[in-house]
Amino acid sequence: MPFGVAVIGAGIVGGGVVKTLLEKRDRLGAASGADIRLTHVCEINEANLREFDLKGVTVTKDAASLNSAPDVRVVCELIGGIEPAKTFILNALNAGKNVVTANKMLLAHHGPELTEAAVKNGVELRFEAAVAGGIPIIKALREGLAANRIEFIYGILNGTCNYILSRMTYEGLDFETALEQAQERGFAETPPDLDVLGHDTAHKCQIIASLCYSTKVDIDAIPVEGITSITHADVEYARQLGYLIKLLAIVRDAGGEMECRVHPALVPETHLLASVRNEFNAIYVQGDIADATLYYGRGAGRMPTASAVTADILDIARRGNSPAPAPFMYSASRKIRDIGLLEGAYYLRLTTRDLPGVFGKVGTILGNHGVSIASCFQKDPHGQDSVHMIIMTHRSRESAVRAALKEIDAMEFIAEPSHLLRVIEG
Ligand code: HSE
């Protein structure tokens with residue numbers, strides 16, 4: 001009997017999976033030893049199906065019908081969003097179907113519930129495509145690095161943000177133009193707020209943290225900052241200081257706790273992640289025995305994401321009739337460390353009136369909070385009476401830096417709220 005695959009949603013990613021299953025049957029058969037066949041496509045928009053020759057494939061608008069089809073072994077949910085995707089997945093799992101999904105938002109919000117349903121029904125829930133598209137990072141963490149304690153991970157996980165920041169850095173584009181280009185190129189979410197406010201990265205960060213530390217991670221507890229407050233001036237100042245600005249997902253072992261956060265950060269231009277440009281993603285993983293490994297590739301787009309979905313289908317097909325392996329379980333319990341306890345160097349952009357004594361007052365306030373200045377310079381970006389004061393601190397505690405900034409921002413010489421960016425260590 002063929003190994004039947006049903007695809008729900010033949011949009012950008014789902015269409016890529018349909019194409020792959022139709023065009024690569026020989027390769028998939030050779031790689032898995034199974035006769036992997038696209039048997040069903042569930043799609044409400046018929047226009048999405050026009051490009052395919054679906055002879056012999058059942059086309060339906062009724063997702064529930066897939067669950068009673070005996071030849072369907074895997075249901076691929078590729079519509080995204082919370083509902084009806086969650087209901088479709090739970091129904092498929094409860095009907096004894098393996099499920100493959102690319103749905104990062106759903107996993108980040110309901111991963112434990114979906115995993116429980118898979119375990120209860122003795123089937124698999126796989127999600128390679130949910131994080132970093134074509135990069136097999138889930139497999140690397142679950143299998144290749146399984147013997148490691150993951151010390152930390154830095155991830156560039158959102159193609160749209162990396163594209164925008166790269167265009168601002170290398171082409172001098174402003175934020176809006178770069179975002180429009182990302183939308184035209186088809187990798188931005190709808191709406192793009194999910195990208196630029198950091199939530200898409202947070203969903204992926206949550207999945208990675210759950211996987212690394214086998215723990216439930218409350219998506220709402222992850223500190224998230226997007227890139228909307230990054231100005232062209234910040235990009236330029238950072239470069240002058242020898243850094244690039246990247247939106248990072250950071251996960252780190254912090255003893256019984258963990259760091260799990262998303263924010264723009266200054267990355268030294270000598271760091272491997274600094275060379276990751278445009279819509280590309282990369283994940284830098286520090287394991288305790290493998291040491292540093294780096295994974296790079298396309299984190300979005302039709303065929304790269306289809307590559308990841310198909311790899312999951314292949315893994316399930318290879319298993320044949322043997323029992324589903326244990327999923328990553330939420331067996332441990334780790335809290336996300338309070339970000340105020342973070343220690344590192346900080347980039348501060350103050351906008352001040354250009355008056356005598358301002359530097360001295362700022363230095364005194366920082367000093368009173370135990371924050372030591374590593375370097376500073378002043379720029380006049382506006383040709384007006386306010387200037388930018390750029391300060392790099394020595395290693396400091398974030399709560400102290402924030403307390404100092406609060407005090408500084410209350411001073412009469414401050415023209416606009418100050419801006420803080422964290423600096424990652426090489
Ligand atoms: N909007 C996402 C990105 C798509 O830009 O990376 C892939 O998850």
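Values below: every heavy atom of this structure, side chains too, minus hydrogens, waters and symmetry copies. Indexing begins at 1, ligand by ligand and atom by atom, following the structure's order. In this text, all values refer to a predicted model and were calculated from it rather than measured experimentally.
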Closest by any non-hydrogen atom to atom 4 (C) of ligand 1: pick that one out of E189, H203, E279.
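Going through E189, H203, E279 one by one, E189 has the nearest heavy atom to atom 4 (C) of ligand 1.
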To which of T305, I164, T160, V131 does the heavy atom nearest atom 5 (O) of ligand 1 belong?
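Nearest option to atom 5 (O) of ligand 1, by heavy atoms: T160.
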Considering the heavy atoms of A300, write down every atom of ligand 1 situated less than 4.0 Å from one of them.
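Those atoms are 4 (C), 7 (C).
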Minimum-distance protein heavy atom relative to atom 8 (O) of ligand 1:
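I find the closest protein heavy atom is K104 NZ, 2.5 Å.
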Between ligand 1 and G299, can you find any atom pair, the residue atom being a heavy atom, that is separated by under 4.0 Å?
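It does; at least one heavy atom falls under 4.0 Å.
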Parallel, tilted or perpendicular, as decided by the 30° and 60° cut-offs, for the rings of F377 and Y237
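Y237 vs F377 ring planes: perpendicular.
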Give yes or no for whether the N/O distance cutoff of 3.5 Å, strictly under, is met between G159 and ligand 1.
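G159 vs ligand 1: N/O contact under 3.5 Å present.
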Counting only nitrogen or oxygen atoms and a 3.5 angstrom limit, does F187 reach ligand 1?
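Indeed, backbone or side chain, F187 has an N or O that close.
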So, does K97 use its side chain to make a donor-acceptor pair with the main chain of V75 at under 3.5 Å?
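Pair absent, no side-chain N/O of K97 close to backbone of V75.
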Any side-chain to backbone donor/acceptor pair from E259 onto I250? Under 3.5 Å, distance only.
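Side chain of E259 to backbone of I250: no pair is present.
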Do you know which of R252, Q286, H271 makes side chain to side chain donor-acceptor pair (under 3.5 Å) with Y154?
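The passing option is R252.
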Electrostatic pair R142-E124, nearest N-O below 4.0 angstrom:
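E124 and R142: not salt-bridged.
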Part of D195 with heavy atoms under 4.0 Å of ligand 1, whether side chain, backbone, both or neither:
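Within the 4.0 Å criterion, D195 contacts ligand 1 through side-chain atoms alone.
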With a 6.0 Å cut-off (strictly less than), is the heavy-atom count around CD of Q240, excluding the residue itself, greater than 12?
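Yes, enclosed.
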